[in-house]
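Only one structure is covered here, and it is reproduced in the block below.
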Amino acid sequence: MTEPNRPPRLLLLDGHSLAYRAFFALPVENFSTATGQNTNAVYGFTSMLVNVLRDEQPTHVAVAFDLSRQTFRLEEYSEYKAKRNKTPGEFSSQLPLIQRMLDTFSIKYLTAPGYEADDIIATLVTQALADETAGLEVLILTGDRDSLQLVTERSTVLYPMRGVSDLARMTPAAVEEKYGVPPHRYPELAAIVGETSDNLPGVPGVGAGFAARWINTYDGLDNVIAQADKITGKKGEAFREHLGDVIRNRRLNALVRDLDLGVAMDDLVLTEWDRAAALELLDELEFRGELRTRILDVVAPAEDIPVEAGVDLDGTTLAPDAVAGWLDAVGDQTVGLSVRGSWGSGTGRVSGLAFALAEGTAAYIDVEAMSQADDAAVAGWLADAAKPKVLHDAKGPLHALAAQGWTLAGVVEDTALAAYLVAPDQRSYDLADLTLRYLHRELTQNDDPDQGELLFDEGGTDQGGVASSAMVQARAALDLSAELADEVEKAGGRGLLTDVELPLVRVLAGLEQTGIAVDTEHLEGLEAHFGDEVRKEAEAAYAVIGKEINLGSPKQLQVVLFDELNMPKTKRTKTGYTTDADALQSLFVQTEHPFLLHLLRHREVIRLRQTIEGLLKTVQPDGRIHTTFHQTIAATGRLSSTEPNLQNIPVRTEEGRRIRESFVVGAGYDSLMTADYSQIEMRIMAHLSEDELLIEAFRSGRDFHAETASRVFDVEPDAVTPEMRAKIKAMNYGLAYGLSAFGLSQQLGIEPGEARGLMDDYFETFGGIRDYLGGVVDEARRTGFTETIMGRRRYLPDLTSDNRMRRESAERMALNAPIQGSAADLIKVAMLRTDAALREAGLTSRMLLQVHDELVFEVAAGEADVLEKLVREQMAGAAELTVPLDVSVGTGRSWHEAAH
DNA sequence: TCACTCACG
DNA sequence: ACGTACGTGAGTGAG
């Protein structure tokens with residue numbers, strides 16, 4: 001299944017030239033199987049192919065091969081390609097393997113007797129571009145420069161630069177830039193210059209520069225030839241002398257564009273691949289490492305996996321009073337549990353429960369029709385920690401069950417969390433997606449006996465299929481947990497899952513259920529205040545430009561700023577020029593136009609008003625906001641918060657902080673307390689890098705940024721100026737993001753040169769950091785993933801991308817993931833420890849929020865001191881690092897006051 | 001639905 | 001030559 005809106009894109013590969021390049025680029029001795037089969041060309045070719053499939057997402061693909069050396073060109077010119085070494089057997093033997101690989105990917109490969117791969121590609125390009133309505137874009141991956149003549153606005157050549165890893169993107173502009181002639185004139189130039197690899201000599205002493213100049217001056221090779229007499233000097237002489245060669249070259253390097261290949265574009269559509277055959281071939285070629293993973297990632301997106309047979313399920317709808325007996329019979333078996341009903345943060349109801357057992361039986365209980373005895377039996381079983389249960393995404397069901405008055409214990413697996421740890425970059429962890437991806441079956445009950453079926457006992461009723469779909473889901477969760485257990489194990493994530501993520505579900509459910517109290521009157525007052533400001537600024541802005549526009553429309557703004565007011569153009573975005581705050585600020589510095597000030601201020605206050613409106617809408621009848629925390633969204637391991645997002649409440653400006661005044665202590669409690677880790681990410685950096693100076697800076701307990709600044713600038717700590725400190729602070733923060741000199745210069749408003757110098761000095765001082773950061777990327781490239789202190793992995797296949805932007809982006813992710821992810825690990829552990837300690841100590845105070853490095857608590861009367869001590873202890877002791885974990889604590893009536 | 005902008009750590 | 005710091009969520013405009 002292809003995504004419906006994917007642009008149609010045809011990828012054509014010159015199999016021969018690419019494999020040939022790979023053959024010489026990769027050392028044979030590193031690529032051969034136990035049986036002595038060489039695989040370097042297969043490896044290199046496949047690697048290029050999957051990278052381009054991944055980076056370019058073509059919808060149609062074909063690979064062209066030369067059939068033999070016997071082509072029409074050889075017939076015309078017996079010396080054609082004569083200087084080429086005899087194709088070594090080590091190479092030829094790999095071509096059939098490449099073709100088998102293509103078969104398993106369901107990619108067509110084509111040959112044509114008497115013609116070369118180039119001619120096949122030229123023909124397909126011509127076919128593809130002829131049909132304007134299809135709108136196919138064409139990409140040609142080839143190591144043969146003759147194909148440059150095929151470049152147009154809609155067809156691009158990807159040309160391998162060195163070896164097999166870097167691709168040059170040859171658009172018409174790039175061809176013109178590199179050779180000085182447009183693509184259709186490239187073969188004219190090549191005819192003059194000659195092509196050594198094809199044994200086609202050109203005009204001696206004439207290079208691409210002169211050839212391009214002639215072609216441009218006389219408007220094409222034909223005219224150059226016609227007016228050859230006019231060319232003066234030695235080069236002109238040489239040209240006239242070798243005119244025959246030039247004409248022959250031009251004839252031979254013209255690609256044939258009208259072969260009868262007998263294929264239509266529709267035949268080249270990428271379709272389902274043969275997973276079993278591909279795995280078998282990968283095994284046979286002994287491709288075990290990173291390429292295997294990359295292939296499976298790229299060629300096997302979840303939706304393309306063929307659906308295998310379903311499962312038989314022997315299902316029962318339990319009649320009233322039958323529940324206890326059924327659950328008794330289950331004993332201590334692990335049960336897949338699916339909860340029907342609805343839920344939100346701290347609310348919900350249960351309408352049905354489905355249980356599935358590994359042996360194939362399943363049962364459904366209509367909760368609304370249950371007897372009292374059933375209720376008791378269910379309650380007992382749910383609360384029994386010795387009855388192991390598997391759920392998918394347990395936090396929602398936990399809320400619903402709690403609302404029903406049921407406690408859930410004995411959750412041994414959450415398949416959403418397991419799948420997240422195995423591959424944290426996924427967009428969704430839907431049960432249906434995972435079932436398809438890991439179990440290769442659809443998450444629906446099946447009426448087709450060949451595909452497995454759902455059987456009901458005689459007495460069973462299933463109105464609308466509710467019971468059967470619930471049982472199918474319970475079964476899917478159970479089967480998935482078994483399947484994912486291996487994957488989790490392989491990814492080294494078992495400890496993290498069992499000791500951190502799984503128990504955290506309960507803590508998060510608690511936070512959501514508790515919520516945080518809001519002073520709605522205060523919020524409403526602010527809303528009115530900022531509303532006034534918005535109107536005032538809008539009117540002032542309209543007055544300046546003499547008309548009313550929608551200030552919230554970047555498009556209308558661009559018209560005003562760049563067309564009407566003729567301001568200098570800002571940085572480009574996809575659709576125009578940016579109007580973000582940085583750009584407006586810089587425009588103001590240049591033009592001092594008052595419209596900009598009103599616009600900026602309007603943005604600021606409308607934003608605050610929006611934030612307030614959003615918050616007011618989410619206040620529940622209990623006067624509190626109950627956010628939802630998501631545990632499987634951030635690829636680094638962080639939590640996220642939605643409806644509303646309480647992790648991005650303004651704090652950086654005075655006005656913004658007024659919103660924090662609205663988050664207040666609730667009835668029955670004394671105050672709010674915040675506790676946050678200071679410089680958690682730099683401390684992790686110190687721990688991971690083992691940089692002695694950095695560790696020392698933290699152990700000293702003095703101002704960290706000033707301390708590091710004094711080291712970099714080599715001055716006494718007292719002599720560190722605010723400017724020096726600010727620069728090093730920006731540097732310290734940027735480190736964990738994979739900073740660039742450019743980024744740092746932007747941040748600080750200094751010249752890139754100065755930023756570069758600053759970085760050099762910094763890394764000179766903290767050599768351990770430099771070595772660590774370099775090592776992280778190398779290691780990740782080798783293994784395919786990064787790892788946090790607690791072994792949380794993030795896979796970054798783009799580290800080997802041929803696309804420079806993607807590759808560098810992946811490198812920055814690789815730098816950041818262990819830092820941000822380790823910090824996430826730490827605070828999760830801190831939450832678990834704190835939660836346990838609160839219960840242990842029997843305190844009434846409770847945890848309300850987590851904001852990445854900060855925890856917010858509601859403090860019960862008389863518990864302030866003991867709570868602070870407890871929280872400090874649990875947070876600081878969350879991990880044993882080579883540097884101390886510093887926790888700072890504040891208390892107050894509101895979140896604002898509780899800041900420190 | 002995507003692009004832009006901007007809030008947080 | 002080209003784009004430029006990591007990770008999120010939400011509201012709005014526009015196609």
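Remember, it's a predicted structure, so these values are computed and weren't measured experimentally. In the text below, chain A, chain B and the rest are named by the order of the sequence lines, each starting its count at 1.
- In this structure, the side chains of P818(A) and V776(A) come closer than 4.5 Å at one or more pairs of heavy atoms.
- For K555(A), no side-chain nitrogen or oxygen approaches OP1 or OP2 of dC4(B) to under 4.0 Å.
- Straight-line distance between the P atoms of dT4(C) and dC4(B): roughly 12 Å, to the nearest whole Å.
- For the pair R812(A) and Y737(A), the NZ or CZ position fails the cation-pi test of under 6.0 Å to the six-membered ring centre and within 45 degrees of the ring normal.
- An OP1 or OP2 oxygen of dC4(B) is reached within less than 4.0 angstrom by a side-chain nitrogen or oxygen of T575(A).
- Residues from residues 731-738 of chain A placing a heavy atom under 4.0 Å of any atom in DNA chain C, listed by number, are G734(A), Y737(A), G738(A).
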- request: Applying salt bridge (Lys or Arg N to Asp or Glu O under 4.0 Å), run through E655(A) and R658(A) and close with a yes or a no.
  value: CA-CA 5 Å; E655(A) 283 180 318; R658(A) 301 211 54 198; over 6 Å; no
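- A salt bridge is defined here as a Lys NZ or Arg NE, NH1 or NH2 lying under 4.0 Å from an Asp or Glu carboxylate O, and K828(A) with D825(A) fails to meet this definition.
- Between Y186(A) and Y179(A), the ring-plane angle classifies as perpendicular under the 30° and 60° cut-offs.
- Listed by first residue number, the stems of DNA chain C with at least three Watson-Crick or G-U pairs below 3.5 Å are B:1-9 with C:6-14.
- Taking the charged nitrogens against the carboxylate oxygens, K617(A) and E643(A) have no contact shorter than 4.0 Å, which rules out a salt bridge.
- For the pair I633(A) and E177(A), nearest-nucleotide mapping onto DNA chain C gives the more 5' position to E177(A).
- The pair E604(A)-R601(A) meets the salt-bridge criterion, with a side-chain N (NZ, NE, NH1 or NH2) lying under 4.0 Å from an Asp/Glu carboxylate O.
- A close approach under 4.0 Å does not occur between any side-chain nitrogen or oxygen of S553(A) and OP1 or OP2 of dT12(C).
- Atom pair Q556(A):CD and dT5(B):P shows a separation of 14 Å (rounding to whole Å applied).
- dC8(B) atom C1' lies 13 Å from atom CZ of F629(A), rounded to whole Å.
- A salt bridge does not link E897(A) with R660(A): every distance from a Lys NZ or Arg NE/NH1/NH2 to an Asp or Glu carboxylate oxygen is 4.0 Å or more.
- In terms of polar N and O atoms assigned as donor or acceptor, the side chain of Q747(A) comes within less than 3.5 Å of the base of dA5(C) in a complementary pairing.
- For the pair R793(A) and F785(A), the cation-pi test (distance below 6.0 Å, angle within 45°) is passed.
- The residue among M813(A) and R804(A) whose nearest nucleotide of DNA chain C lies closer to the 5′ end is R804(A).
- For T578(A), the side-chain atoms get nearest to dT5(B) when compared with the rest of dT5(B), dC4(B), dT8(C).
- Near DNA chain B, meaning a heavy atom under 4.0 Å away, the residues from residues 602-614 of chain A are R603(A), R607(A).
- For the pair E808(A) CD and dC6(C) P, the computed distance is 11 Å after rounding to whole Å.
- Using a 4.0 Å heavy-atom criterion, one finds that D676(A) contacts no nucleic acid atom at all.
- Taken residue by residue, residues 637-653 of chain A places heavy atoms nearer than 4.0 Å to DNA chain B at R638(A), Q647(A), N648(A), I649(A), P650(A), V651(A), R652(A).
- No engagement by A824(A) is indicated, since no non-hydrogen atom pair under 4.0 Å with the nucleic acid exists.
- In this structure, the CD atom of Q558(A) is 10 Å from the C1' atom of dC4(B), given to the nearest Å.
- With salt bridges taken as basic N to acidic carboxylate O contacts below 4.0 Å, one links E533(A) and K536(A).
- Between the CZ atom of F663(A) and the P atom of dC8(B) there is a distance of 13 Å, rounded to whole Å.
- Between S740(A) and dA5(C), a side-chain N or O to OP1/OP2 separation shorter than 4.0 Å is absent.
- Salt-bridge formation is detected for the pair R609(A)/E613(A): a Lys NZ or Arg NE/NH1/NH2 atom is positioned less than 4.0 Å from an Asp or Glu carboxylate oxygen.
- Under the 4.0 Å criterion applied to side-chain N and carboxylate O atoms, D703(A) and R725(A) are assigned as salt-bridge partners.
- Checking the phosphate oxygens (OP1, OP2) of dA5(C), no side-chain nitrogen or oxygen of R812(A) falls inside 4.0 Å.
- Partners of R770(A) under the side chain to side chain contact (heavy atoms under 4.5 Å, CB included) rule, at least two apart in sequence or in another chain, are F763(A).
- Atom CD of E661(A) has more than 12 neighbouring heavy atoms from other residues, nucleotides or ligands inside a 6.0 Å radius.
- Put simply, CG on L615(A) is 12 Å from C1' on dG9(C), counting in whole angstrom units.
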query: Going through the checks in order, is the salt bridge (Lys or Arg N to Asp or Glu O under 4.0 Å) test met by R781(A) and E811(A)?
result: CA-CA 9 Å; R781(A) 196 180 295 114; E811(A) 286 169 0; 3.5 Å; yes
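- The closest side-chain heavy-atom distance from L616(A) to T520(A) is below 4.5 Å.
- Rounding to whole angstrom units, CG of residue L815(A) and C1' of dT4(C) are separated by 14 Å.
- At a cut-off of 3.5 Å, with distance as the only test, no side-chain donor of D519(A) or S662(A) sits close to an acceptor on the other residue.
- For the C1' atom pair drawn from dG3(C) and dA7(B), the interatomic distance equals 25 Å after rounding to whole Å.
- Across the protein-nucleic acid pair, R572(A) atom CZ and dC4(B) atom P stand 10 Å apart, rounded to whole Å.
- Nucleic acid contact for A581(A): sugar-phosphate only, since backbone atoms but no base atoms lie under 4.0 Å from a heavy atom of the residue.
- The stretch residues 523-542 of chain A has no heavy atom under 4.0 Å from DNA chain B, so no residue of it qualifies as close.
- Environment of CD in E751(A): sparse, with no more than 12 heavy atoms of neighbouring residues, nucleotides or ligands closer than 6.0 Å.
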